Novice: 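Dropping a structure here in C-alpha cells format, bear with me for questions.
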2 protein chains.
Amino acid sequence: MKEHTEVTIYDIAKKLNLATSTISRALKDHHSISKKTIEKVKKTAEEMGYRPNNLAASLRSKKTKTIGVLLPTIEQPFLASLISGIEITAKKAGYNVIIVQSHDSYKGEVNLVQSLYNNRVSGIICSLAMETKDTSHFQLFIDSNTPLVFVDRVPKEEFNTYKVIIDNYNAGYKATKHLISQGCKRIAHLAAGSEFSIYYERKKGYLDALKEFNLPIEDELIVKLDGITLEEAARATNKLLDLKNPPDGIFAPGDILGVSAIQCAKKRGIKVPEDLAVIGFNNDPISQIIEPHLSTITNPGSKMGQASAEIILKTLKSKDKDEVKETRVLNTEVIIRESSKRK
Amino acid sequence: MKEHTEVTIYDIAKKLNLATSTISRALKDHHSISKKTIEKVKKTAEEMGYRPNNLAASLRSKKTKTIGVLLPTIEQPFLASLISGIEITAKKAGYNVIIVQSHDSYKGEVNLVQSLYNNRVSGIICSLAMETKDTSHFQLFIDSNTPLVFVDRVPKEEFNTYKVIIDNYNAGYKATKHLISQGCKRIAHLAAGSEFSIYYERKKGYLDALKEFNLPIEDELIVKLDGITLEEAARATNKLLDLKNPPDGIFAPGDILGVSAIQCAKKRGIKVPEDLAVIGFNNDPISQIIEPHLSTITNPGSKMGQASAEIILKTLKSKDKDEVKETRVLNTEVIIRESSKRK
DNA sequence: TTGTAGGCGTTATCAT
DNA sequence: ATGATAACGCCTACAA
C-alpha cells in the first residue's frame, strides 16, 4: 500500500519554482499575484492533489472559521431547527459548526465551554442548561474577545452579552389572552422550569393576563411540573381535573405538555375545546397531529439560529467591538387550532 | 481594556525554569515525569490561566480528535437521535463532533466532504444524500486512511467501507407480515425514494411478504411518492381510497406517511384499523400522538450513532487497518399499536 | 509581482 | 526525570 503523504504549498512551490508565499497568495486570489500565476498554481495544486490544511492556517492566522454550539439537547424539534438555522448561515460564510450537548447539566456545560475554548472556536452560541444559575464560565470568551451569543435560554439581565430570544412574557400573555377571548374563566397553568427560566416568564405573562381581565389567580390552578414530559403533564392535568372546581382552559408552556393535557382530558371524557380549551407552545409537529389540533405559540427556531449566527459573523467582521451588546427579540404568533376554538 | 495574551506552555516553562517538553508531558500525566513536577506544573498552569491550544496540538500530532458528521438534515427525529448517539459516544472519548447537512444535494455533499477533509477530521460518519449515486468523493478519506462509516443510507455493496444499518428488507417484510397476520388481504404500499435507497429495500420486503403468503401484487396498490411529506402521502392515500377495490392495509415506510394515511382515512370516514390497518416506520414521536396510535417499526437512531462512533474510535486505536470492513446490522422491532390491531 | 524568513503553540526525537 | 531542538503547514511583515 502506498504511503500517503500530504501535498503542501511547499511542494507546489518547489515544482513551480516559486516561493511558498506566492503559492499561499495565489490560492486565495490575492490581488498582487498575476492572473497567469494564479491559474498555473491552481492547476498544479489540483494536479498534485493538494488539500489545504485548515489547522495550520488556523493556528497561524488565529481564525478557526468554526462556531461552537452548546445546547441542552438536540433532540427537540425546536432546538434541531435552531441548529439547522445556525448551520445553514454559518456554512454560507464558510464556517463550520461544532455541536455539543449539555444535557441540562451545569457541570457538563462548564466542561464543554472549556473544550470549545480549547478548540479556539471563532464564536459560540449557547442555550443554557436548566441547572445553570451562574454564567461565569463564559468569562473565558469575553476575556478573549470571542463573540458570544445566548439564545432562547439566556442569562439574567446583568450579564452583558448578545442575546437572541422571543418575548416569553408577552407570548405567555398572548396565549392566556386568547383563552380568555374564547370565554375561559378558570384557566390553569402547567408551571415548568425554575424561577430563572423562560418558563417563568411565560407564567408571568399568564398571571398578568388574568389580572388584566379580572380573573382570579388561584394557586390550585397552577401545577408545578418536575420535567417537560408527557407523564408529568398527565399527572398535573389529572390533578387539575380532579378539582371540585376544575379549569375550563389550560395554558401549557410546551406542546408536549399541551398534547398530554388533551390526551388526558379525552381519556376522562372531557371535551376539548368545549369543556376544556388548551393552548401549547412551540408549534412542534405533534401539535398538528393530536386531535383536536393543538393551538400554540410559534417559536421561530430556525430564524433564531440564523440571527445568532449572523451576530457572530457580524461581530467577527467589525474590528471595533461595541460595548453595548444588542438583544434581538423575534416575533411569536398565536396559532389558533381546534383545541381552543370555542367561539 | 487590557490586551489579551495567550498563556502558552512556554510561559509556564519560563516561570518554573523547566523545558517546554517537560510542561507538555506533565500536563498529560506522562509517566516519566515526577509526581512533584506534575503537580507543580498543573498548579502553575491553573494559576496563570493556561488553556491548551488544541489547534497547535492537532497540527503537530496530526490528530484532531474531531469526528465529522455529514447528514441529509438534522431536522428529523431519527437523525437527531442518530447525532445525539454519536455526540455522546464521541464526547466520552474526548472527541468533538462537526455536523454538516447536505440537504439531500449531491453537490452539497461533495463540497462538505472536501471541507471536512480540509479540517482534517479524525473520522467521518455519513448518511448519503438522496441524490447521491456515486461515492467517489469519499475516496479522499480512504486514501488518507481516515476511518469512514456510512450509516442508514449507505452506498451499494461494491464500496468497501464500514456500514451501520438496519435490515430494511427484513423490516419491510416484518411490517407487511404483521398486516397479513391481522387479516389484511389487499395491502398497499407508499413507495418512496429511488431505486437505490433504503425505501427500495423496504419495498422488496413488502413484495416478498405478499408473495410468501400468496397475496396478489397489484400495481395499483403501490403508489409512488415524490417526497416524504404529509401532503404527498395524503395525495397517495386518497388515490388508493378512490380505487374501485381499495386496500384494507397500508405499509407506509415512514411515520409521517403513516400518520398522513390515518388522517386521510379518518377524514373520509374510513375506520382505522377496522377498514384500513396502517403501519409506519421509525417510531417517531408523532406515532404515539395520532389517534389511533400508529403501529411502526423501531429504527434505533441513537444506537446506530453510538455504533458508528465506536467503529471510528476503534479503528483509530488499532494501527493495523483491517482490509475487510465490517457491516453492523442493528435490530428492528415491530411495535403494534391501535392502527393495526384487528384481531 | 514575487521572495525571504520567522513564528503560530504544541509534540516528537534524541540527548543528557 | 528532564532538556534542547526541530518540525507540523501555513501566513505575513518586510524586502527586493
Side-chain angles (χ1 to χ4, degrees), chain A residues 3-42 44-45 48-66 94 115 117-122 144, chain B residues 3-42 44-45 48-66 94 117-122 144 319:
Chain A
E3 260 322 291
H4 180 78
T5 15
E6 296 236 346
V7 178
T8 71
I9 54 171
Y10 182 78
D11 299 324
I12 304 176
K14 210 157 63 176
K15 185 152 192 175
L16 293 177
N17 264 317
L18 287 170
T20 57
S21 49
T22 307
I23 309 298
S24 175
R25 289 173 187 133
L27 288 171
K28 315 199 120 47
D29 292 307
H30 195 284
H31 61 272
S32 78
I33 305 290
S34 73
K35 277 204 177 159
K36 243 189 207 164
T37 312
I38 290 184
E39 257 179 58
K40 197 169 56 177
V41 169
K42 285 194 176 172
T44 318
M48 297 177 75
Y50 168 76
R51 305 287 165 198
N53 185 325
N54 288 352
L55 282 147
S58 294
L59 176 60
R60 180 58 237 248
S61 66
K62 303 207 170 200
K63 282 173 192 157
T64 52
K65 295 221 152 201
T66 298
S115 163
Y117 183 88
N118 293 350
N119 279 294
R120 299 299 189 270
V121 290
S122 296
S144 62
Chain B
E3 261 319 293
H4 181 79
T5 16
E6 297 239 344
V7 178
T8 71
I9 55 170
Y10 182 78
D11 300 322
I12 304 177
K14 212 159 58 178
K15 185 150 192 175
L16 294 177
N17 264 317
L18 287 170
T20 59
S21 43
T22 307
I23 309 298
S24 175
R25 287 173 188 132
L27 290 170
K28 311 199 124 46
D29 291 308
H30 196 283
H31 62 272
S32 79
I33 305 290
S34 73
K35 276 203 176 157
K36 244 189 208 164
T37 311
I38 290 185
E39 257 179 59
K40 196 169 55 179
V41 169
K42 285 194 176 171
T44 318
M48 298 178 73
Y50 168 77
R51 305 288 163 197
N53 185 324
N54 288 351
L55 282 147
S58 294
L59 176 60
R60 180 62 238 240
S61 67
K62 304 206 169 198
K63 281 173 194 159
T64 52
K65 295 222 151 202
T66 298
Y117 183 88
N118 293 350
N119 278 294
R120 300 298 190 270
V121 290
S122 296
S144 61
K319 290 286 156 196

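Proteins come first, then strands; the chains are lettered A, B, ... in the order of their sequence lines, and each starts at number 1. Remember, it's a predicted structure, so these values are computed and weren't measured experimentally.
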Novice: Whole angstroms only, please: what is the CG-P distance between A/L16 and C/dG3?
Specialist: 10 Å
Novice: Just the rounded figure in Å: distance from C1' of D/dA4 to CD1 of B/I9.
Specialist: 13 Å
Novice: Take atom CD1 of B/I38 and atom P of D/dT2, then tell me their distance rounded to the nearest Å.
Specialist: 9 Å
Novice: Between D/dA4 atom P and B/K14 atom NZ, what is the distance in whole Å?
Specialist: 14 Å
Novice: Of the options C/dT2, C/dA12, D/dT12, whose atoms approach the side-chain atoms of B/S21 most closely?
Specialist: C/dA12
Novice: B/N53 has an atom CG; how far is it from atom P of D/dG9, in whole Å?
Specialist: 17 Å
Novice: Does D/dC10 have its OP1 or OP2 closer than 4.0 Å to a side-chain nitrogen or oxygen of A/Y50?
Specialist: yes
Novice: Are A/E6 and B/R120 ion-paired here, with the side-chain N under 4.0 Å from a carboxylate O?
Specialist: yes
Novice: Want to settle it: does A/T37 or A/L59 sit nearer the 5' end of DNA chain C, counting the closest nucleotide to each?
Specialist: A/T37
Novice: Verify side chain to side chain contact (heavy atoms under 4.5 Å, CB included) between B/I23 and B/K15, making sure each step is shown before the conclusion.
Specialist: CA-CA 11 Å; B/I23 309 298; B/K15 185 150 192 175; over 6 Å; no
Novice: Tell me the interatomic distance from B/I12, atom CD1, to D/dT2, atom C1', rounded to whole angstroms.
Specialist: 16 Å
Novice: Give one of base, sugar-phosphate or nothing for B/K35, where a contact means two heavy atoms less than 4.0 Å apart.
Specialist: nothing
Novice: For B/N17 and B/S61, find the nucleotide of DNA chain D closest to each by heavy atoms; which residue's nucleotide sits nearer the 5' end?
Specialist: B/N17
Novice: Just how far, in rounded Å, is P of C/dG9 from NZ of B/K63?
Specialist: 22 Å
Novice: Please identify which of these residues, A/I12, A/I33, A/T37, meets the side chain to side chain contact (heavy atoms under 4.5 Å, CB included) condition with A/L18.
Specialist: A/T37
Novice: Closest approach to the side chain of A/R60, judged atom by atom: which nucleotide of D/dC11, C/dT11, D/dT2 is it?
Specialist: D/dC11
Novice: Just to be sure I understand the rule, does A/S34 reach a base, reach only the sugar-phosphate, or reach nothing, if contact means heavy atoms closer than 4.0 Å?
Specialist: sugar-phosphate
Novice: Just checking B/K28: base, sugar-phosphate only, or nothing, at a heavy-atom cut-off of under 4.0 Å?
Specialist: sugar-phosphate
Novice: Reckon B/L18 touches a base, only the sugar-phosphate, or nothing at all at heavy-atom distances under 4.0 Å?
Specialist: sugar-phosphate
Novice: If you take all heavy atoms of B/H30 and B/I38, which pair is closest and at what distance?
Specialist: O-CD1, 4.0 Å
Novice: Please classify the nucleic acid contact of B/T8 as base, sugar-phosphate, or nothing, using heavy-atom distances under 4.0 Å.
Specialist: sugar-phosphate
Novice: Mind calculating the distance between CD1 (A/I23) and P (C/dG3) to the nearest angstrom?
Specialist: 8 Å
Novice: Could you go through the side chain to side chain contact (heavy atoms under 4.5 Å, CB included) check for B/T8 and B/N53 one step at a time?
Specialist: CA-CA 8 Å; B/T8 71; B/N53 185 324; over 6 Å; no
Novice: Please tell me which of B/H30 and B/K62 maps to the more 5' nucleotide of DNA chain D, matching each residue to the nucleotide holding its nearest heavy atom.
Specialist: B/H30
Novice: Return yes if the base of C/dG3 and the side-chain atoms of A/R25 contain a donor-acceptor N/O pair under 3.5 Å, otherwise no.
Specialist: yes
